[in-house]
*Asks:* 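Below you'll find the structure I mean.
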Amino acid sequence: MVDAGLSLDTSKPDVPRIHLADDVEVFKTWLGVNFEEVFREAKPKPGSRGLRVAHLRHVLDGKLASNRAKDQPDIAVLQAALAEQ
């Protein structure tokens, strides 16, 4: 992805990721999820520049696994969105 002109996000050197846009990150690994399952269900979305985007369920699984205080509002929003599906 760096070869395609995207820049590395070096704000957290211990977390390898690419910065796509404000509030959009691409992680190399993700707590609480299995890569094969996430990749199988991920699909490109409008605005994702052709990159596959994880299903909300997998985003929720990752947030629950890290269980940081700053993730609690996101967890509530994700749970509500998934309940509506």
Side-chain angles (χ1 to χ4, degrees):
M1 288 191 283
V2 172
D3 291 341
L6 300 173
S7 60
L8 286 174
D9 181 346
T10 57
S11 62
K12 294 183 181 177
D14 57 326
V15 181
R17 59 189 181 172
I18 301 288
H19 179 83
L20 291 177
D22 290 343
D23 298 322
V24 178
E25 303 162 320
V26 176
F27 289 89
K28 184 176 180 180
T29 60
W30 207 354
L31 288 175
V33 297
N34 173 283
F35 175 79
E36 289 79 14
E37 181 182 352
V38 173
F39 186 78
R40 183 173 53 249
E41 295 183 30
K43 297 184 176 27
K45 301 288 183 183
S48 71
R49 299 170 133 181
L51 295 174
R52 299 166 77 103
V53 176
H55 188 280
L56 291 181
R57 179 172 44 81
H58 294 124
V59 176
L60 176 60
D61 290 346
K63 297 265 183 192
L64 290 170
S66 66
N67 202 29
R68 299 173 297 187
K70 74 175 198 162
D71 289 332
Q72 298 311 306
D74 294 341
I75 288 170
V77 168
L78 289 163
Q79 288 172 327
L82 288 166
E84 292 178 10
Q85 291 184 351

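All values below come from the heavy atoms of this structure, side chains included, with hydrogens, waters and symmetry mates left out.
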*Asks:* Give the minimum heavy-atom separation between Pro44 and Gly50, together with the two atoms involved.
*Replies:*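 That would be CG-O, 3.8 Å.
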
*Asks:* Grouping I, L, V, M, F, W and Y whenever their side-chain heavy atoms are under 4.5 Å apart, do Leu56 and Leu60 come out in a common cluster?
*Replies:*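 As far as the 4.5 Å side-chain criterion goes, Leu60 and Leu56 are connected within one cluster.
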
*Asks:* Identify whether Val38 and Leu64 are in the same connected component of the hydrophobic contact network (ILVMFWY, side-chain heavy atoms under 4.5 Å).
*Replies:*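 Yes, Val38 connects to Leu64 through the hydrophobic network.
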
*Asks:* Check the hydrophobic clustering (I, L, V, M, F, W, Y; side-chain heavy atoms under 4.5 Å; chains of links allowed) and say if Leu78 and Val53 are grouped together.
*Replies:*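 Cluster IDs for Leu78 and Val53 differ.
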
*Asks:* Step by step, would you call His55 with Leu82 a side-chain contact (heavy atoms from CB on, under 4.5 Å)?
*Replies:* CA-CA 10 Å; His55 188 280; Leu82 288 166; 3.8 Å; yes

*Asks:* Determine whether Leu51 and Lys45 satisfy the following criterion, side-chain contact (heavy atoms from CB on, under 4.5 Å), listing intermediate values before the conclusion.
*Replies:* CA-CA 8 Å; Leu51 295 174; Lys45 301 288 183 183; over 6 Å; no

*Asks:* Using the salt bridge (Lys or Arg N to Asp or Glu O under 4.0 Å) criterion, which residues pair with Asp74? Sequence neighbours excluded.
*Replies:*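 For Asp74, the residues satisfying salt bridge (Lys or Arg N to Asp or Glu O under 4.0 Å) (neighbours in sequence not counted) are Lys63.
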
*Asks:* Kindly write out the residues that satisfy salt bridge (Lys or Arg N to Asp or Glu O under 4.0 Å) with Arg57, not counting sequence neighbours, or none if the list is empty.
*Replies:*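 By the salt bridge (Lys or Arg N to Asp or Glu O under 4.0 Å) rule, Arg57 matches Glu37, Glu41.
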
*Asks:* For the residue pair His58 and Ala54, what are the closest heavy atoms and their distance?
*Replies:*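 Heavy-atom minimum between the residues: CB-CB, 4.4 Å.
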
